[in-house]
Amino acid sequence: MIKAEHLSKTYLIKEKKHIFGKKEERKVPAVRDISLEIPKGNITGILGINGAGKTTTIRMLSSLIAPASGTLTMDGVDAVKHHLWVKERINIISGGERNLYWRLTARENLRYFGSLYGIDRKELEKRIRELLKTVGLEEAADIPVERYSKGMKQRLQIARGLINEPEYLFLDEPTLGLDILIAKEIRELILTLAKERQKGILLTTHYISEAEELCDYIYVLDQGQIIARGTKAELKEIFKAKPRLVVQEMSLEEVLMKIIKQSRGETDEEHCADNEGGNYQTTAV
């Protein structure tokens with residue numbers, strides 16, 4: 001597994017307070033003392049609003065940037081000291097339309113990215129054929145990516161992320177902007193990668209229902225800190241209360257917002273009412 005203990009990261013920002021003033025340095029803590037685990041065969045989720053520290057966390061876990069403090073290991077190996085070894089065994093898949101060369105075909109994109117890992121040519125061509133079949137792009141393999149739909153580009157992103165047969169995958173909003181049918185296909189593929197191919201997967205998403213469907217374990221980040229952790233059931237248990245009238249269980253999205261409010265010490269009438277009687281939608285019976 002990937003294991004992080006007490007990771008922290010602070011950025012030094014130079015900014016002007018006045019138009020003609022000198023730039024002054026300011027320290028901005030992006031991540032503060034977080035510990036988490038990403039076991040193989042599981043999907044681990046990181047949830048949080050914009051600015052919570054998710055991107056910095058992924059960059060540290062994938063050895064793109066070094067933490068200011070704390071330890072990070074992958075299968076018992078120091079991932080900070082041996083970051084090149086780590087990079088051979090991981091990959092990152094982002095949502096949107098980045099990280100592809102649009103004037104190249106799907107086959108040419110995969111051939112290029114595969115060559116960066118030094119994969120033998122015959123082995124690489126075999127992987128390309130298999131991956132194009134896996135993501136359903138066999139018939140479009142020799143069409144320039146600029147002619148692809150958004151869903152086709154995202155499928156190719158996944159094929160690119162699997163070209164080096166990684167042991168761990170970091171998925172940063174993999175279904176961003178996709179229609180519900182394509183998003184469903186992507187989620188099914190993610191489940192297959194984790195459960196059948198035993199890859200360790202870290203997922204960040206703003207679609208709470210997606211996390212609820214996919215994640216085995218969830219960490220909630222806010223202001224650079226982990227403010228809650230657990231399975232879906234354990235997170236919901238935090239605000240479990242006996243309903244006055246039966247009806248609908250609190251969703252994970254509602255739980256996430258309450259965890260963030262509670263961590264920040266924010267209270268309101270709705271929050272108090274929820275703790276007293278449970279946040280349930282009621283219907284006449």
Side-chain angles (χ1 to χ4, degrees), residues 38 40-45 58 62 64 87-216:
I38 307 171
K40 289 182 179 178
N42 278 21
I43 301 174
T44 303
I58 286 181
S62 58
L64 292 178
K87 288 182 175 71
E88 293 176 355
R89 292 161 176 79
I90 65 170
N91 215 321
I92 302 174
I93 298 172
S94 301
E97 302 175 359
R98 299 167 289 173
N99 303 322
L100 294 173
Y101 291 97
W102 287 25
R103 294 189 179 182
L104 300 181
T105 66
R107 196 185 307 276
E108 289 168 340
N109 265 281
L110 295 179
R111 191 173 291 146
Y112 168 73
F113 287 108
S115 68
L116 297 179
Y117 289 94
I119 303 171
D120 176 78
R121 187 169 181 177
K122 288 185 178 180
E123 174 63 22
L124 178 57
E125 293 301 320
K126 177 184 176 183
R127 290 189 194 180
I128 290 172
R129 289 193 298 271
E130 292 174 350
L131 288 171
L132 289 171
K133 182 177 181 181
T134 297
V135 299
L137 291 176
E138 286 178 293
E139 296 183 3
D142 299 308
I143 297 175
V145 172
E146 61 187 358
R147 292 166 55 186
Y148 277 19
S149 67
K150 184 173 289 187
M152 293 170 71
K153 289 173 184 172
Q154 191 57 21
R155 290 181 188 179
L156 183 56
Q157 290 267 32
I158 291 177
R160 178 198 59 75
L162 295 172
I163 194 66
N164 63 322
E165 295 188 350
E167 298 173 35
Y168 298 92
L169 271 173
F170 298 87
L171 306 181
D172 189 9
E173 299 188 60
T175 61
L176 179 67
L178 301 183
D179 65 57
I180 56 174
L181 294 179
I182 299 298
K184 184 175 183 296
E185 292 178 4
I186 298 296
R187 289 195 297 271
E188 290 174 350
L189 180 55
I190 292 171
L191 280 171
T192 298
L193 292 171
K195 304 307 177 183
E196 296 182 15
R197 298 178 62 177
Q198 290 297 296
K199 297 188 181 298
I201 294 179
L202 180 70
L203 171 71
T204 70
T205 179
H206 281 109
Y207 303 137
I208 306 303
S209 59
E210 184 169 87
E212 195 162 11
E213 176 184 347
L214 295 177
C215 294
D216 298 292

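What you see below is based on every heavy atom in this structure, not just the backbone, and it leaves out hydrogens, waters and symmetry mates.
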Subject >> Test item: I90 and N164 side chains (from C-beta on) under 4.5 Å apart, heavy atoms >> reply: no
Subject >> Backbone of S94 reached by a side-chain donor or acceptor of Q154 within 3.5 Å >> reply: yes
Original post:
Any side-chain heavy atom of L162 sitting closer than 4.5 Å to one from L193?
Top reply: yes
Original post:
Is any side-chain heavy atom of P174 less than 4.5 Å from a side-chain heavy atom of I158?
Top reply: no
Subject >> Short side-chain to backbone donor-acceptor contact, R107 and D142, under 3.5 Å >> reply: no
**OP:** Find out whether L64 and I92 are in side-chain contact, i.e. whether some heavy atom of one side chain is under 4.5 Å from a heavy atom of the other.
**Re:** yes
Original post:
Which atoms form the tightest heavy-atom contact between I38 and G200, and what is the distance?
Top reply: CG2-C, 4.1 Å
**OP:** Compare every heavy atom of G45 with every heavy atom of C215, then report the nearest pair and how far apart it is.
**Re:** SG-CA, 3.6 Å
**OP:** Could you pull out all residues at least two apart from T175 that satisfy side chain to side chain donor-acceptor pair (under 3.5 Å)?
**Re:** E210
Original post:
Can you check whether R160 reaches N109 side chain to side chain, under 4.5 Å on heavy atoms?
Top reply: no
**OP:** State, yes or no, whether a side-chain contact exists between L137 and Y148 at a heavy-atom distance under 4.5 Å.
**Re:** yes
**OP:** Report the residue from R197, Q198, K40 that forms a side chain to side chain donor-acceptor pair (under 3.5 Å) with E167.
**Re:** K40
Original post:
Nearest 0.5 Å, what's the CZ-CD1 distance between F170 and I201?
Top reply: 11.0 Å
Original post:
Does P166 offer a backbone N or O that forms a donor-acceptor pair with the side chain of K199 under 3.5 Å?
Top reply: yes
Original post:
Roughly how far, to the nearest 0.5 Å, is CG of L116 from CD1 of I119?
Top reply: 9.0 Å
Subject >> Pairs involving residues 180-196, ordered by first then second residue, that meet side-chain hydrogen bond (donor to acceptor under 3.5 Å, both in side chains) (sequence neighbours left out) >> reply: R155-E185, K184-E188, R187-E213, K195-D216
Original post:
For the residue pair S115 and L124, what are the closest heavy atoms and their distance?
Top reply: N-CD2, 4.0 Å
Original post:
In this structure, which one of L202, N91, I43 forms a side-chain contact (heavy atoms from CB on, under 4.5 Å) with L169?
Top reply: N91
**OP:** Output the distance between atom CG (L100) and atom CZ (F113), rounded to the nearest 0.5 Å.
**Re:** 6.0 Å
**OP:** Kindly compute the distance separating CD1 (I190) from CG (L171), expressed to the nearest 0.5 Å.
**Re:** 5.0 Å
Original post:
What closest approach, in Å, do I93 and G161 show between heavy atoms, and which atom pair accounts for it?
Top reply: CG1-CA, 3.8 Å
Subject >> Partners meeting salt bridge (Lys or Arg N to Asp or Glu O under 4.0 Å) with E125 (sequence neighbours left out) >> reply: R111
**OP:** Check whether any side-chain N or O of N42 sits under 3.5 Å from a backbone N or O of T44 as a donor-acceptor pair, and report yes or no.
**Re:** no
**OP:** Measure the shortest side-chain to side-chain distance between L191 and L214 over non-hydrogen atoms and say whether it is less than 4.5 angstrom.
**Re:** yes
Original post:
Taking the side chain as C-beta and beyond, is there a heavy-atom pair between M152 and I143 under 4.5 Å?
Top reply: no
**OP:** Please report the shortest heavy-atom distance between Y207 and G177, naming the atom on each side.
**Re:** OH-N, 3.5 Å
Subject >> With sequence neighbours excluded, residues passing salt bridge (Lys or Arg N to Asp or Glu O under 4.0 Å) with E130 >> reply: none
Original post:
What's the shortest heavy-atom distance between G151 and I182, and which atoms?
Top reply: CA-CG2, 3.9 Å
Original post:
What pairs with D120 under salt bridge (Lys or Arg N to Asp or Glu O under 4.0 Å), at least two apart in sequence or on another chain?
Top reply: none
**OP:** Go through the structure and list residues passing salt bridge (Lys or Arg N to Asp or Glu O under 4.0 Å) with E108, not counting sequence neighbours.
**Re:** none
Original post:
So does Y117 have more than 12 non-hydrogen atoms from other groups sitting under 6.0 Å from OH?
Top reply: yes
